Amino acid sequence: MIVPDACPDIAQVADTWGFCCLTRREVTDSGALLTGRVRVNILYIPEGGRGLQRLEAELPFQHLSECAQVDGNARLLADAWVSFTETRILNPRKVLIRTDVCEKVQLYRLQTLRAYSALAADDALGVQTRQQQEQTDLVTQTAEKVFILEDELRLSGSRAISGAPLRLRPEACCPEARLIGSKLVLKGTVRVQGLWQEDGGELISNGFELPFSQMLDAAGVGEGAQYQVRLQIQSCQTGPLSGDGRTLPITLELCAQAVFCERIPVTLMTDAYSIYYPTELHTELWDICRQSHEESRLPVRESVACERNIQAVLDCHGELGLAQVVRDADQYNVTAPVSATALCLDEEGNPFSVLRSFSVSFQSSCPPEQQLQCNCLLVQIEALSAAAGLELRGMITLHIHAAEKSAVACLTGLEVDEEHPKEHSGQPSVVLRRPAPSESLWDIAKRCSTTCQEICAANGLAEDQTLGDQMLLIPRKR
């Protein structure tokens, strides 16, 4: 970036902060295409002067997350954020800006699941079927809403402000979400940290909280549905100072996204046979999925040594990188990289920044046979003066999503060989038999070409009764 002619030469970069704006989410034949820009705010100390100057730049980006088996009807949920930004001085009139952008993409493809629970067969064929009751967790709905939040920021103090703010840093959080009827009600707050420079060159920092409440359409979703909510600020615009010069209008564009998961009961036909004829079964595997969601908070505390003595901390911002999930022998290990920057004043009132990169790790109790996804959110971070420098304190919210799948062989068809009936001539009409240790009533009936009802009637048993080691009378069909 070339420094504009109206700006003084750069002596030292004090701080750099990047803000990601997603302008387009699109499903293509190849996957998910995200388009946006990173708005970069650079604070620097000019040559031969005091105080801070501001530079702004926009870095466009576009990225395709490839995904097979996707079509135009797929539903896309995606967000992007800046995990690291830095500015290097090439000469007093030229800087090099580098930023790392992370993105999280989820594509949902509409799918029809068929569960076969009965067969159409002639009673004369003597077809018997076995059913199995299961429950599976399915994503049944997604929702997205873009909304505008408008408010005014009232600056503290009484001295005149020299123009626009040096920086406005918004952060959105949504601690409360509740499903009411066909609506998902969200209540949250946008925290805005502002940095201004008074006419005399003194720097002041103000914090604001802007509450919001929104509703997302959840038509067709059951009351017991589980849901995950994402919230992202897509743009931030301000107007000129109004009134007495200490009121700043602000307009924020936010995007709320939600995924709904429900536990659905299904009846599966898992086996069948004919009493009178040989049969051939046709099966397919049916995936049973059990999902669990867990939310927890992980405190962050890190000490940072500084060569200068700190008079005050003006601002502190932190960014999270992509969390890395590694499966160990009996657990999951999750590591989240953190990059934190504190803008400070030394004892002479000169601004400078302190950068610290570190990682936060934790172990999940999710067993290794389950598939785990972890979404991490840096809720807040602050820097406090300490004896030898700074102490960083913050909080990371962990959203852990675990899924365990098991396959059930589900019957899809049955072919009955009516031309070659089973040969029962010469066989006794009743057999006395002791069940094997792992043998069920269904297994015995199928092997002996009879029905479970006939065996129960002959022995005074209930169909759901556990078989012991008693001898059973097995009546045969003729």
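None of the values given here were measured: they were computed from a predicted structure.
- Partners of E415 according to the salt bridge (charged side-chain N to carboxylate O under 4.0 Å, His left out) rule, which considers only residues two or more places apart in sequence or in another chain, do not exist here.
- More than 12 non-hydrogen atoms from other residues, nucleotides or ligands lie less than 6.0 angstrom from NE2 of H282.
- The local environment of CZ in R88 is sparse, with at most 12 non-hydrogen atoms from other residues, nucleotides or ligands closer than 6.0 Å.
- Residues satisfying the side chain to side chain donor-acceptor pair (under 3.5 Å) test with T136, not counting sequence neighbours, are none.
- Evaluation of the side chain to side chain donor-acceptor pair (under 3.5 Å) rule for S83 yields no partner, not counting sequence neighbours.
- Judged as a salt bridge (charged side-chain N to carboxylate O under 4.0 Å, His left out), and not counting sequence neighbours, the contacts of R356 are E302.
- Here the side chains of T16 and N41 are not in contact, with every heavy-atom distance at 4.5 Å or above.
- The line from CD of Q370 to NE2 of H401 is 10.0 Å long, rounded to the nearest 0.5 Å.
- I233 is not listed as a side-chain neighbour of S235, based on a closest heavy-atom distance of 4.5 Å or more.
- The 12-atom threshold is exceeded at CD of E463, counting heavy atoms of other residues, nucleotides or ligands nearer than 6.0 Å.
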What verdict does the side-chain contact (heavy atoms from CB on, under 4.5 Å) test give for T23 and R37, after you've listed the backbone C-alpha separation in whole Å, the side-chain angles of each residue and the deciding distance to 0.1 Å?
CA-CA 8 Å; T23 57; R37 63 187 187 277; 3.1 Å; yes

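- Residues forming a salt bridge (charged side-chain N to carboxylate O under 4.0 Å, His left out) with R297 (at least two apart in sequence, or on another chain): none.
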Test side-chain contact (heavy atoms from CB on, under 4.5 Å) on L77 and V105; report intermediate values, then the result.
CA-CA 6 Å; L77 300 184; V105 171; over 6 Å; no

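- E26 is linked by a side chain to side chain donor-acceptor pair (under 3.5 Å) to R24, counting only residues two or more places apart in sequence or in another chain.
- Under the ring pair (Phe, Tyr, Trp, His ring centres under 6.0 Å) criterion, F208 pairs with no residue at all, not counting sequence neighbours.
- Not a single ring pair (Phe, Tyr, Trp, His ring centres under 6.0 Å) links H63 to another residue, sequence neighbours left out.
- When the ring pair (Phe, Tyr, Trp, His ring centres under 6.0 Å) test is applied to F147, the partners found at least two apart in sequence or on another chain are F212.
- To the nearest 0.5 Å, atom CG of residue L372 and atom CD of residue Q331 are 11.5 Å apart.
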Would you mind writing out the side-chain donor-acceptor pairs for residues 263-271 within the sub-3.5 Å range, not counting sequence neighbours?
| unit_1 | atom_1 | unit_2 | atom_2 | d |
| --- | --- | --- | --- | --- |
| R263 | NE | D137 | OD1 | 2.7 |
| R263 | NH2 | D137 | OD2 | 2.9 |
| T267 | OG1 | Q133 | OE1 | 2.9 |
| T267 | OG1 | Q133 | NE2 | 3.4 |
| D271 | OD1 | K446 | NZ | 3.1 |
| D271 | OD2 | W442 | NE1 | 2.9 |
| D271 | OD2 | K446 | NZ | 3.1 |

Are R393 and V300 close enough, and set up right, to give a side-chain contact (heavy atoms from CB on, under 4.5 Å), and what steps lead you there?
CA-CA 5 Å; R393 295 181 183 179; V300 176; over 6 Å; no

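- Contact of the I400 side chain with the F362 side chain is registered, since non-hydrogen atoms from C-beta on lie closer than 4.5 Å.
- Within a 6.0 Å sphere centred on CD of Q470, heavy atoms belonging to other residues, nucleotides or ligands number more than 12.
- In the displayed structure, K422 atom NZ is contacted under 6.0 Å by more than 12 heavy atoms of other residues, nucleotides or ligands.
- Take R433 and apply the side chain to side chain donor-acceptor pair (under 3.5 Å) test, not counting sequence neighbours, and it matches E439.
- Heavy atoms from other residues, nucleotides or ligands lying under 6.0 Å from CD of E307 number 12 at most.
- Contacts of D79 classified as salt bridge (charged side-chain N to carboxylate O under 4.0 Å, His left out), with partners at least two apart in sequence or in another chain: R230.
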